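Every value quoted in this text rests on a predicted model; they were computed, and no experiment measured them. Here is how names work: the chains are called A, B, and so on, in the same order as the sequence lines, proteins then strands, and each is numbered from 1.
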Protein chains: 2
Amino acid sequence: MQNSEAMALSAALLAVAGDLTQRIHEGVVARGFADLRPVHGFAFTRLAPGGATVTDLAAHLGVTKQAASQLVDEMVRKGYVERRPHPQDARARLVVLTERGWACTRAAEEAAAGVVRAWGDLLGEGEVRLWGERLARIAPHGPIRPAW
Amino acid sequence: MQNSEAMALSAALLAVAGDLTQRIHEGVVARGFADLRPVHGFAFTRLAPGGATVTDLAAHLGVTKQAASQLVDEMVRKGYVERRPHPQDARARLVVLTERGWACTRAAEEAAAGVVRAWGDLLGEGEVRLWGERLARIAPHGPIRPAW
DNA sequence: CTATATAGTCAAGCTGCTTGACCATCATGT
DNA sequence: ACATGATGGTCAAGCAGCTTGACTATATAG
């Protein structure tokens with residue numbers, strides 16, 4: 001494969017990723033969560049299972065723990081998460097989703113499903129399902145942050 | 001497809017996109033262009049064909065023309081581009097790549113080719129080639145900026 | 001020839017991140 | 001038991017990269 005082809009493929013992949021991020025975000029906003037940005041969604045995916053510490057969150061997002069702490073401050077202020085004492089470690093605090101946080105997480109899943117469904121209409125659902133498996137093999141632990 | 005599957009697929013796609021961005025950037029740095037960030041690469045892809053105005057670049061990157069102008073200032077200072085008078089419009093200035101800018105563009109293509117080749121080793125080259133076609137159908141004009 | 005639109009720049013301000021310093025608590029070794 | 005270092009978290013200050021607003025010069029339309 002020529003270098004220029006690889007570049008075109010890369011550009012197409014990044015365009016799809018950008019489009020996906022944007023559409024999920026629009027879907028979340030349309031469902032009534034206008035005071036969030038995509039980064040909050042990435043945070044929610046880490047917090048959802050059973051909560052996480054600020055340090056966990058920082059590692060997940062690829063930022064300093066100070067930055068993660070500021071993000072948590074903001075989400076607390078907006079009512080999406082709570083800080084609770086950590087059951088095993090008195091230094092740490094467990095950040096967990098509130099009911100509003102869960103509602104937003106469900107909204108994001110619905111929005112993502114809408115986008116993926118549109119892909120299925122274009123390419124066939126089986127095809128799209130195959131993607132998921134192959135993508136996971138390529139970069140199972142890629143950075144959550146496709147930033148500049 | 002369940003919502004949670006769609007979310008997992010989305011996460012995998014974003015992880016691959018992040019991984020790709022990071023690896024291309026590392027490849028560019030390893031080839032001797034350490035004073036650039038991924039955004040400069042996105043700018044180069046717009047400038048490469050035959051140059052572009054600051055306003056064109058701003059639209060391509062999804063930022064204000066002031067921000068694009070600052071980016072051009074920086075790239076001029078670092079020797080990657082030049083501002084030339086625009087042949088048809090005395091208000092405008094054509095931003096074009098210098099020889100160093102072209103060298104960096106080639107380095108980015110090599111790096112991208114390296115990543116795509118690794119995908120081919122995992123999945124088969126034909127499979128990867130099919131991706132390119134399908135990705136281009138899904139979001140042919142997605143934003144170049146998969147930002148938060 | 002006037003009026004409006006467009007290309008570009010200058011200046012100021014804001015947001016989200018970083019670095020650095022610090023305290024409280026945990027874990028380890030003696 | 002207790003000293004020592006590691007870890008979780010916060011406070012404070014600074015900065016990079018972007019935005020909005022204002023302005024000039026040139027182009028374009030009527």
Presence of [X] side-chain N/O under 4.0 Å of [N] phosphate oxygens OP1/OP2:
| X | N | value |
| --- | --- | --- |
| B:T64 | D:dT19 | yes |
| B:T55 | C:dT6 | no |
| A:S69 | D:dG9 | no |

Return the value, rounded to whole Å, for the distance between atom [atom1] of [X] and atom [atom2] of [N].
| X | N | atom1 | atom2 | answer |
| --- | --- | --- | --- | --- |
| B:D35 | D:dA16 | CG | P | 15 Å |
| B:F42 | D:dG17 | CZ | C1' | 16 Å |
| B:R37 | D:dC15 | CZ | C1' | 13 Å |
| A:L71 | C:dT15 | CG | P | 15 Å |
| A:L36 | C:dT15 | CG | P | 17 Å |
| A:H40 | C:dG16 | NE2 | C1' | 10 Å |
| B:D56 | C:dA7 | CG | C1' | 10 Å |

Quiz item: Could you give the distance from CD (B:E109) to OG1 (B:T45), rounded to the nearest 0.5 Å?
Solution: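 OG1 of B:T45 is found 10.5 Å from CD of B:E109.
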With hydrogens left out and only the distance checked, is there a donor-acceptor pair under 3.5 Å joining B:Q66's side chain and the base of D:dG21?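 Result: at least one qualifying N/O pair found.
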Exercise. Is B:L36 linked to B:V96 within one hydrophobic cluster, defined over Ile, Leu, Val, Met, Phe, Trp and Tyr using a side-chain heavy-atom separation of less than 4.5 Å?
Worked result: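 As far as the 4.5 Å side-chain criterion goes, B:V96 and B:L36 are not connected within one cluster.
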Out of C:dG8, D:dT10, D:dA13, minimum distance to the side chain of A:R83 belongs to D:dT10
Only one of B:V72, B:V63, B:V95 passes side-chain contact (heavy atoms from CB on, under 4.5 Å) with B:L57, and that residue is B:V72
Test item: A:W131 and B:L13 side chains (from C-beta on) under 4.5 Å apart, heavy atoms
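No - every pair of side-chain heavy atoms lies 4.5 Å or more apart.
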TODO: Give a yes or no on whether a salt bridge exists between A:K78 and A:E74, defined as a side-chain N under 4.0 angstrom from a carboxylate O.
DONE: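 Yes, charged N to carboxylate O under 4.0 Å.
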query: Judged by atom type as modelled, is there a donor-acceptor pair below 3.5 Å linking the side chain of B:D56 to the main-chain atoms of B:T53?
result: yes
(Q) Is it true that, when you exclude B:R23 itself, more than 12 heavy atoms of the residues, nucleotides or ligands shown sit nearer than 6.0 Å to its CZ? (A)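 Atom CZ in B:R23 is not packed in, count stays at 12 or less.
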ask   = Starting at the 5' end of DNA chain C and moving along, which residue's nearest nucleotide shows up first, B:K65 or B:Q70?
value =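 Its nucleotide being nearer the 5' end, the pick is B:K65.
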Can you pull out the residues from residues 86-96 of chain A that lie within a 4.0 Å heavy-atom distance of DNA chain C?
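Per residue number, the list reads A:D89, A:A90, A:R91.
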